[in-house]
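Report on the structure given below.
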Amino acid sequence: MRYFFYLLLAVLAITLYRAWVVLTNSLPLYVDEAQYWFWAQNLAWGYYSKPPMIAAVIAATTSVCGNAEPCIRAGSLIFYPLSTFVLFFLTRRLFDEKIAFIAGLMFITLPAVGVSSLLISTDVALFFFWTLALWAFVRLLKSDAWLDWVLLGIALGLGLLTKYTMGIFFVSAAIYLFFSGRWHFFIKLRAWVAVLIAAAIFAPNLIWNWQHHFPTFQHTAEISNLEQAGLHGRSLADFFVGQFGVFGLVFFPLLLIVLLNIKRLKQLPYSGLLLSFTLPFLLLISLQALFGTANANWAAPSYVAATVLLAAWLVYWQHRALLIVGLLLNIFLVVGLYHYQTVARWVGIETTTQNDVYKRLRGWDEIGQQYLALQAKYPNALPLAEERGVMSELTYYARPAGLNMISWNPEHKLRHHYDLVTSLDGREGQEFLFVSTDALPANIPAYFATTEQVGELAVHIYADYELRYPVYRLQNFKGLKQQ
């Protein structure tokens, strides 16, 4: 286990360094992170835009160390090392310990993993459950052991509770089994038991969606923008360029070269298996980008098998220089993103809205304190807002008052999670503090006896970028039926 020990030391050092960055960078929560934290205060089997795993992870970490930003993000620092070790055992089973070590080192230093390690997102757990499922799948191809089939079912079910794109694993597995001539797996009792286990684990989320008229499925369809007519070459180009930032400036073009070199691919053991768990995900999300829109990270699980494939290719054909350059560039890119502000100060470059990649996270902690100061003047008022970002950030940074946030939604639309879990019904006579993104919406005065602007939440971040939200006191809510 010499190579595993080397990987253990590397992962430990990298994780400790990333933990130090998270503890010291003072980055406020991004809108989605703040929303996930709010979900974690009210655990359920589903939420408007995501299955429940992200909320469960945050609830687990915050139950141990509290609600500070680093603790909310701690799941990333736990799951990525775990994914790396599972990837090591997966690769070792296919090849050897040296290739397994290289694959693990490549994975933990991927740009997508490095950047995501500072935040908490659904990709964190999705990577782990995808890798765990692939490891179980590789094991059962040789062992056919009940334990491996059960592990596969559990990993698939938990993956589906993390992100619905876990379902592409079934497509990849079916493609591999079909083209490798293992058709008997389709009628194998143990395979269907694994499917039933996955379905049983996923069923509570389906039931929750059914009870709430399938909001998560509707949201997933909406963000894909597949209803837009025509082809979107710019969207596909943006997605393609984004893969350099996901897999690496060297590793992504190398992967493309490997995929095009059919002769060498055929010589590489298990290339069919690894391609089956790389290409379908990547191609499906590419098509989604072409016909609608897709973020660069949406195809991230493709790079689990791709990492193993590329690590084996680099070792088999002795491309040590390419491996070293690829690793160093990935590390340099991630470290640069971690410390670019410090470096900018050293070389005399002023940080501006054009070069600050974290600008959308800044200022919300101060906005929350300003709201609490205003709330103290009107203790009977409830916070009210219409925009998801405002509500998400204030539920966290203006707590405990922010936890009482109500969505202004007189038409009972379903635009975000706050529309789903808050209501204006039965609040006649209530006083509100409405945090607006602009002037008071024209439809509001008719619902209240009086309205007046009582303050403004404002933070100046850069010369050309600031947060500014006027706050209105709305008294004596007349109720929705009055209009």
Side-chain angles (χ1 to χ4, degrees), residues 39-40 43-47 50-61 63 75-76 78-94 104 107 120-177 182 185-209 216 273-274 276-277 280-281 300-305 307-308:
W39 293 355
L43 291 177
W45 281 108
Y47 301 93
K50 296 288 187 299
M53 184 60 69
I54 184 68
V57 169
I58 293 174
T61 58
S63 69
S76 299
I78 297 170
F79 273 103
Y80 280 132
L82 291 177
S83 298
T84 304
F85 296 134
V86 174
L87 184 69
F88 174 89
F89 291 115
L90 158 66
T91 309
R92 189 182 68 170
R93 193 167 186 87
L94 294 176
F107 178 81
I120 187 68
S121 70
T122 52
D123 286 341
V124 172
L126 181 63
F127 261 126
F128 175 71
F129 292 123
W130 182 279
T131 309
L132 186 64
L134 185 54
W135 181 50
F137 185 77
V138 167
R139 286 175 56 88
L140 64 84
L141 288 175
K142 293 183 178 180
S143 71
D144 197 29
W146 269 108
L147 184 61
D148 293 327
W149 284 107
V150 171
L151 178 61
L152 175 64
I154 293 172
L156 289 171
L158 294 177
L160 288 169
L161 288 182
T162 303
K163 206 170 183 179
Y164 294 152
T165 48
M166 185 73 192
I168 298 176
F169 192 100
F170 292 91
V171 177
S172 293
I175 289 173
Y176 173 71
L177 293 175
R182 299 171 184 254
F185 274 77
F186 291 108
I187 58 172
K188 201 174 188 64
L189 174 63
R190 299 183 184 194
W192 285 102
V193 169
V195 171
L196 288 175
I197 290 172
I201 293 172
F202 183 51
N205 180 253
L206 285 176
I207 294 170
W208 181 92
N209 268 279
T216 318
L273 171 68
L274 296 171
S276 297
F277 286 91
F281 210 132
S302 303
Y303 298 110
V304 173
T307 297
V308 180

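All heavy atoms count here, side chains included; hydrogens, waters and symmetry mates do not.
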Could you report the tightest heavy-atom contact between [X] and [Y], atom names first, then the distance?
{"X": "A133", "Y": "M166", "answer": "CB-CE, 3.8 Å"}
{"X": "V124", "Y": "S76", "answer": "CG2-OG, 3.2 Å"}
{"X": "A136", "Y": "D148", "answer": "CB-O, 3.8 Å"}
{"X": "W45", "Y": "N205", "answer": "O-ND2, 2.8 Å"}
{"X": "S83", "Y": "F107", "answer": "CB-CE2, 3.8 Å"}
{"X": "I154", "Y": "I197", "answer": "N-CG2, 3.8 Å"}

To the closest 0.5 Å, what do you measure between [atom1] ([X]) and [atom2] ([Y])?
{"X": "L161", "Y": "T122", "atom1": "CG", "atom2": "OG1", "answer": "13.0 Å"}
{"X": "L134", "Y": "T91", "atom1": "CG", "atom2": "OG1", "answer": "8.5 Å"}
{"X": "T162", "Y": "F202", "atom1": "OG1", "atom2": "CZ", "answer": "10.5 Å"}

When you measure from the side chain of [X] to the backbone N and O of [Y], does any donor-acceptor pair fall under 3.5 Å?
{"X": "S172", "Y": "S276", "answer": "yes"}
{"X": "W135", "Y": "W130", "answer": "no"}
{"X": "N209", "Y": "T216", "answer": "yes"}

Option from F79, F85, Y80 for which ring-ring contact (aromatic ring centres under 6.0 Å, His included) with F128 holds: F79
Give a yes or no on whether W208 atom CH2 has more than 12 heavy-atom contacts from other residues, nucleotides or ligands under 6.0 Å away. yes
May I ask you to check whether F277 and F169 place their ring centers less than 6.0 Å from one another? yes
